[in-house]
Amino acid sequence: MDDFFLGYALFIGGLMALSLYRCIYGPTVLDRIVGVNAIGTKTTVLLILIGLLYHRVDMFIDIALAYALLNFLAVLASARYFQKRKGLYYEKPY
Amino acid sequence: MEKDAAQQLKRDLPPQREWKKSGSAYIATFIIMMGVWCVLSGQFDLFHLGLGVLASALVSYYSADLLFDGPMTGKTFRTTFGFLAYVPWLLYQILLSALHVLYLCFHPRMPELIDPQIYRFRTRLKSDLAQVTFANSITLTPGTITIYVNFHRDFNVHAIDPFSGEDLPGEMERRIARAFGEE
Amino acid sequence: MVITLIVVVLLLVGLLFFTGGTVGLLRFPDFYSRLHPAGKLDGIGVLLVILGLSLYQLFPLTVASAVTGLKLMLIVVFVFLASPTATHAITDAGLRAGMEPWKKGDPWR
């Protein structure tokens, strides 16, 4: 079962790397925030999987919960910040 | 001049609600906070439980009016149970539309299938809590996002294709009205 | 043995939803449409995966493992409360910046 969890965690890591494309190549700031949000949700699951691999779930759950909170706050704060500031325009494609 | 603008703003905004704290709201907040403390700490000796009682009492003293706006009555319990009965149906609905959006994501000719549109409608739900539940349920269902609600109860919903947006408000509004006792 | 089978099925279905969310995030035309797969499919994926993981670590059944399962369910509840709020914050920022949603026939963004 540990091998299965390891492969699963690696697959989720690959999905996070794919989402990173959206963070880098925008094209707007909001697209990047959406990408970061998707990565953060997957990180919560990844942390619990790491806890199962190390047989210390009870410790890693607190980290996962804190990470979910932090991800939510980061998305909320950055959305509110860019709503008031510059940066919400279409940049030239690379 | 500025005072006129402020008064104009005050006329346009909905009337402010008076928040009342009551004894039953303190007790209910304390019980909920204590439950969350027990789940999060996971240790049941006297020291940790004592700390929990202290912290929960402090939180419920300062913010009892955040969760309940008034004394607990029979209606509060009916609403709670109605909401709990509504959640499984919502999860089933989320699963169904998630399968539809999943089909859209993997479809090779996806650009021809999607047709994003903004649907506008006025809901008949009265209380704030019911409207918030309705807006969040729409957002939680894949394929539809509530983008704007004003205090005339107008909902603007962004739907990704006609299949997701055509049956709004429909069944969901009826079930929420039943759960919150607004038939 | 049956528990292991259920856990594996739940995890694989959750992985399917995660993959769909990522593919939709990469393929859809503008960020209003990208929010549909990114926010929602990830949410239901988290629900299924955490349900499976809490079922897996529940055995052997002790007080500690039951509390851990409850904590895992607390993460699901929090994600389901927070994800509509985050989605709404992003959409609101886009609307106030004056971005029109993508319509059929518009150029790809």
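Protein chains get the first letters and strands the later ones, always in sequence-line order, with residue 1 at the start of each.
- No side-chain heavy atom of C/Phe31 sits less than 4.5 Å from a side-chain heavy atom of A/Val29.
- No other option in C/Asp42, C/Leu35, C/Leu15, C/Val46 has as many heavy-atom pairs under 4.5 Å with chain A as C/Leu15.
- Options C/Leu26, C/Leu12, C/Thr4 differ in how many heavy-atom pairs under 4.5 Å they form with chain A, and the most are formed by C/Leu26.
- The side-chain heavy atoms of C/Thr19 and A/Phe11, taken from C-beta on, include a pair separated by under 4.5 Å.
- In this structure, the portions of A/Leu65 lying under 4.5 Å from any heavy atom of chain C include both its backbone and its side chain.
- There is no contact between A/Asn71 and chain C, counting heavy-atom distances below 4.5 Å.
- Between the A/Tyr8 side chain and the C/Leu11 main chain, a donor and an acceptor come within less than 3.5 Å of each other.
- Considering CD1 of C/Ile90 and CG of A/Asp31, their distance stands at 10.0 Å, rounded to 0.5 Å.
- Considering all non-hydrogen atoms of both residues, A/Ala79 and C/Ala93 come closest at O-CB, 3.6 Å.
- For C/Val7, the part sitting under 4.5 Å from any heavy atom of chain A is the side chain, from C-beta outward, and nothing else.
- In terms of non-hydrogen atom pairs under 4.5 Å with chain C, the most contact-rich of A/Asp58, A/Leu18, A/Ile12 is A/Leu18.
- For the pair A/Asp62/C/Lys71, a side-chain contact is recorded, criterion being any heavy-atom separation below 4.5 Å from C-beta on.
- Shortest non-hydrogen contact noted between C/Thr85 and A/Phe72 is CB-CE1, 3.8 Å.
- Considering only heavy atoms from C-beta on, A/Met16 stays 4.5 Å or farther from C/Thr22 through its side chain.
- Using a 4.5 Å cut-off between heavy atoms, A/Leu69 touches chain C through backbone and side chain atoms alike.
- Proximity to chain A (any heavy atom under 4.5 Å) is shown, for C/Phe18, by both the backbone and the side chain.
- At a 4.5 Å heavy-atom cutoff, the contact between A/Met1 and chain C is made by side-chain atoms alone.
- When atom types are taken as modelled, the side chain of A/Arg22 and the backbone of C/Leu25 share a donor-acceptor pair closer than 3.5 angstrom.
- Closest non-hydrogen pair, C/Ala86 versus A/Val75, comes out as CB-CG1, 3.9 Å.
- Distance check: C/Thr87 OG1 to A/Asn37 CG gives 6.5 Å after rounding to the nearest 0.5 Å.
- In this structure, OG1 in C/Thr68 is found 11.0 Å from CD1 in A/Ile48, a value given to the nearest 0.5 Å.
- Here the shortest heavy-atom pairing between A/Val34 and C/Ala38 reads CG1-CB, 3.7 Å.
- The shortest distance between side-chain heavy atoms of C/Ile75 and A/Thr44 falls below 4.5 Å.
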